[in-house]
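Data block below; observations after.
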Amino acid sequence: MRATRPLALAVAGTLALSACGGGESVDTGGGGGGGGDNTLVAAVSAQPDQLDPHVTTAYASFQVLENVYDTLVVPDPEDLTMQPSLATEWKTSDDGLEWRFTLRDGVTFHDGSEFDSADVVYSYNRIIDEELSNSFRFQNVESVAADGPDTVVLTLSQPTPNLLERIGSFKGMAILPEGAADDLDLTTEANGTGPFRLESSDASSTVLTAYEDYWGGAPSVDGVEFRYITEPAAALTALQNGEVQWTDNVPPQQIESLGDDDSVELETTPSVDYWYLSMNYARPPFDNRDVRRAISLAVDREAVAEAAWFGAAQANQTAIPEDSFFYYDYAPFDRDVDQARQLLQQAGVTTPLTMGLMVTDEYPETVTAAQVIASQLEEIGVTVEIETLDFATWLDRQGAGDFDAFYLGWLGNLDPAAYYQEQHQTGGPNNYQGYSNPQVDQLLQQGATEPEDEARKAIYDQAAQLIVDDVSYLYLYNPDVVQAWAPGLSGYQIRADKAINFENVELP
Amino acid sequence: MVVLAGVSVIVFALVHLVPGDPVRLALGTRFSQETYDALRERSGLDQPLVQQFVSWLGSALTGDLGVSFRSGDTVASLIGERLPATITLAFASILVALAIAVPLGTISALRPRSLVDRVATVFSQFGISVPEFWMSIVLILVFAGTLGWLPSGGYVPLTEDPAGWLQRLILPAVVTGVVSGSVITRFVRSSVLEALGADHVRTAQAKGLSSRQVFTGHVLRNALLPLVTVTGVQLAYLLSGVVVVEIVFSWPGLGQLALQSVQARDYPVLQGAILLFAVVFLVINLVVDLLYTAIDPRIRR
């Protein structure tokens with residue numbers, strides 16, 4: 001059986017090349033059985049819920065889609081600044097209200113059809129008109145229009161300096177061919193311009209094959225098989241015994257010991273995710289700034305990060321991680337139990353004060369870390385009652401404002417507006433805590449339209465300082481991205497935004 | 001049919017009673033109110049609950065179980081895709097379970113307090129009390145990790161790669177087989193003991209039949225009834241998916257699908273899956289009843 005496998009795969013490869021109708025699913029024969037010689041097998045922790053890039057919100061889906069679709073611009077793998085992709089250059093009008101994108105020549109979709117401006121207009125209007133999950137990213141966009149086949153013009157209602165981040169930060173803003181939603185069943189089929197084409201997807205794995213005519217040059221591997229292995233110990237075993245060559249599902253408690261293990265290559269990099277605790281302003285005494293500051297002073301962020309990620313996380317008193325251009329070095333809350341007690345007294349709070357802390361088993365590390373927070377707060381007379389809920393119930397209670405405090409994270413942020421705007425603006429859609437500070441509102445408004453990066457940074461630094469001082473969020477840590485692969489695998493780059501791109505990967 | 005109608009009402013009510021909003025879960029954390037309303041309308045969740053039930057039942061009767069909120073795929077295809085893996089594992093586990101339980105239970109009943117009896121007691125205690133999760137991880141670390149004899153998990157259809165199919169089936173089937181087997185062992189032991197003490201067995205022995213004749217003709221047949229019952233129950237349980245084992249061994253079965261649907265509050269898939277489990281229980285009960293009549297002539301009358 002083993003000997004016939006590469007052959008079967010080669011045949012499937014030729015079939016895939018000659019089949020131009022799009023949407024055919026050719027069985028590679030190696031689907032679940034180990035892949036061919038030059039196919040990368042990657043162990044991911046979950047099955048994509050569906051493959052329509054404009055509809056899904058699941059990370060498991062974007063791990064696959066990252067390799068199938070393109071966007072007009074993409075984050076640079078090193079510093080996450082926006083770089084050309086399907087758009088080669090762009091110009092902004094003097095008033096900042098018109099952006100002209102010049103499109104790349106010679107790009108074809110996986111079915112062989114040419115890419116042009118009509119595809120961009122179609123894709124963006126699909127997101128806007130059908131009110132799909134990313135439509136909020138176009139909230140300042142008044143129109144998307146083609147100006148000839150090579151140019152797309154976006155007209156805005158107000159200057160939007162982070163427009164590139166809005167349209168390029170992830171493949172949720174992918175460019176589909178015109179009419180794709182009618183021609184294909186996008187939940188299971190794909191037709192992109194990316195380095196790999198979707199071959200098949202079932203309950204065990206998703207298989208991609210190299211797209212030879214990719215505009216960036218054909219990938220080095222013949223294909224990629226994403227195999228779903230939910231249990232981290234099993235994923236690591238599969239990597240160690242050679243069943244898979246790459247995984248991002250590493251048991252956190254083993255990160256340290258794997259550093260000296262020759263059978264795997266482990267890499268970590270600080271991510272752009274941040275985790276925080278948030279208290280309900282509508283529930284006294286948490287409306288009292290001193291009470292929130294006391295609690296912030298009582299938390300030892302290092303210990304919380306250690307409990308959650310066994311050292312694979314950096315404690316941070318603000319949201320933005322150290323490697324980012326917008327990082328603001330501000331840390332007023334180093335643990336001080338005496339001062340915390342004093343603040344509580346000052347606020348006239350009688351201890352013991354009971355605080356419910358809502359966590360979700362969707363993120364099991366927060367359940368563990370919450371116990372550390374509880375024991376730290378116990379020292380200043382705050383009794384934490386941890387409520388562990390499933391995510392659906394958790395979200396319900398968050399939406400209804402039915403909580404004293406909760407502990408969660410924001411993932412995949414690139415622009416400071418994404419870090420602060422919706423969470424801290426008065427009445428913002430994700431301001432569940434009910435924070436309101438006119439000064440912050442004004443700064444966030446200013447930051448959203450300021451075109452100069454340095455000036456923007458200064459504005460967001462001020463906003464961040466107020467948000468931290470007021471403890472709208474009690475920032476805890478930025479976890480690392482942790483990935484491991486077979487020794488000798490090359491051309492792969494670990495990224496802070498957790499995008500997984502196998503375009504240039506070469507097998508050992 | 002009456003049972004199924006009742007089940008469908010209960011299923012629908014229970015599924016919708018659980019707190020949690022599928023639309024919010026599907027949209028993640030960043031979305032606008034317009035997006036929320038649009039998706040809610042598209043999924044039909046803005047309709048009154050009674051109307052949702054009537055339209056769901058109407059389509060279910062024609063065999064249309066609806067479309068998953070989460071994946072946009074039909075419920076029938078989502079379930080159909082996972083059925084082969086679930087059936088494979090369920091029957092393999094029952095085979096393992098019976099291969100352990102029948103000899104072990106019988107011998108320990110025939111020779112109470114012997115070494116075999118003690119082994120059987122320890123075994124069934126072990127199988128019932130050791131968490132499946134732990135047993136699965138240990139087996140993976142030993143057989144896939146240290147020894148490297150078997151793959152760490154996954155599933156390949158039998159038709160595609162028979163050797164790979166068998167290799168991947170062994171470990172999960174052993175775990176679920178040991179758990180089911182330890183339950184069945186206890187039943188076998190007690191039912192054989194009971195049959196041994198029955199009057200007709202003493203009569204048969206007094207008649208001068210050899211112990212072998214007594215055992216096969218009079219003990220085994222009577223002990224078979226409870227065995228069939230408990231095996232049926234175990235099989236029905238296995239066919240509705242073994243979540244923990246499926247997750248640890250990356251086995252694409254119904255248990256994982258049901259779990260994902262609960263987490264996403266994917267009502268159509270959840271209703272479809274539970275309805276299927278109800279049908280499985282009914283069918284297995286029917287088969288068990290038919291087997292009863294085949295085994296025991298007294299029931300036929």
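Chain naming here is simple, since letters A, B, ... match the order of the sequence lines and numbering starts at 1 in each.
- Using a 4.5 Å cut-off between heavy atoms, A:Trp410 contacts chain B through its side chain alone, with no backbone atom that close.
- The backbone N or O of B:Gly20 lies less than 3.5 Å from no partner atom in the side chain of A:Thr393, so there is not a single donor-acceptor pair.
- In this structure, the separation between CD1 on B:Ile247 and CD1 on A:Ile229 is 13.5 Å, given to the nearest 0.5 Å.
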Test side-chain contact (heavy atoms from CB on, under 4.5 Å) on A:Gln47 and B:Gln256 and set out the steps. CA-CA 11 Å; A:Gln47 178 183 5; B:Gln256 282 205 49; over 6 Å; no
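- Distance CG/A:Asp49 to CG/B:Leu25: 11.0 Å, rounded to 0.5 Å.
- Taken from OG1 in A:Thr188 to CG in B:Asp73, the straight-line distance is 6.0 Å, to the nearest 0.5 Å.
- In this structure, A:Glu131 CD and B:Glu41 CD are separated by 10.5 Å, a value rounded to the nearest 0.5 Å.
- Most heavy-atom pairs under 4.5 Å with chain B: of the set A:Gly399, A:Ala203, A:Pro429, this distinction falls to A:Ala203.
- Proximity to chain B (any heavy atom under 4.5 Å) is shown, for A:Tyr59, by neither the backbone nor the side chain.
- Residue contact with chain A, scored on non-hydrogen atoms closer than 4.5 Å, involves the side chain of B:Arg265 exclusively.
- Between A:Ser133 and B:Leu27 the shortest heavy-atom distance is CB-CD2, 3.6 Å.
- No other option in B:Pro151, B:Gly153, B:Gly145 has as many heavy-atom pairs under 4.5 Å with chain A as B:Pro151.
- Taking B:Gly164, B:Pro157, B:Gly253, B:Ser71 one by one and counting their heavy-atom pairs under 4.5 Å with chain A, the maximum is reached by B:Ser71.
- In this structure, a donor-acceptor pair under 3.5 Å is present between the side chains of A:Glu243 and B:Ser152.
- In terms of heavy-atom pairs under 4.5 angstrom with chain B, the leader among A:Leu186, A:Leu408, A:Thr230 is A:Thr230.
- For chain B, the nearby parts of A:Asp202 are the backbone and the side chain; heavy atoms of each come within less than 4.5 Å.
- Within the 4.5 angstrom heavy-atom criterion, only side-chain atoms of B:Gln260, from C-beta onward, approach chain A.
- In this structure, the portion of B:Glu81 lying under 4.5 Å from any heavy atom of chain A is its side chain and not its backbone.
- Looking at B:Leu39, there are no atoms closer than 4.5 Å to chain A (heavy atoms on both sides), in backbone or side chain.
- Below 4.5 Å, heavy atoms of chain B meet heavy atoms from A:Ala233, A:Ala234, A:Thr237, A:Ala238, A:Asn241, all part of residues 232-242 of chain A.
- Here ring-ring contact (aromatic ring centres under 6.0 Å, His included) pairs that include residues 8-28 of chain B, with residues two or more places apart or in two chains, are B:Phe12-B:His16, B:Phe12-B:Phe53, B:Phe12-B:Trp56, B:His16-B:Tyr267.
- At a 4.5 Å heavy-atom cutoff, B:Ala85 makes no contact with chain A through either its backbone or its side chain.
- With values rounded to the nearest 0.5 angstrom, B:Arg24 atom CZ is found 7.5 Å from A:Asp396 atom CG.
- Interface remark: B:Phe133 contributes side-chain atoms only to the contact with chain A (heavy atom separation under 4.5 Å).
- With a 4.5 angstrom heavy-atom cutoff, B:Ala144 touches chain A via backbone and side-chain atoms both.
- At distances below 3.5 Å, not a single donor-acceptor pair connects side-chain atoms of A:Arg227 with backbone N or O atoms of B:Gly154.
- Heavy-atom minimum distance, B:Pro252 versus A:Ser204: CG-OG, 3.3 Å.
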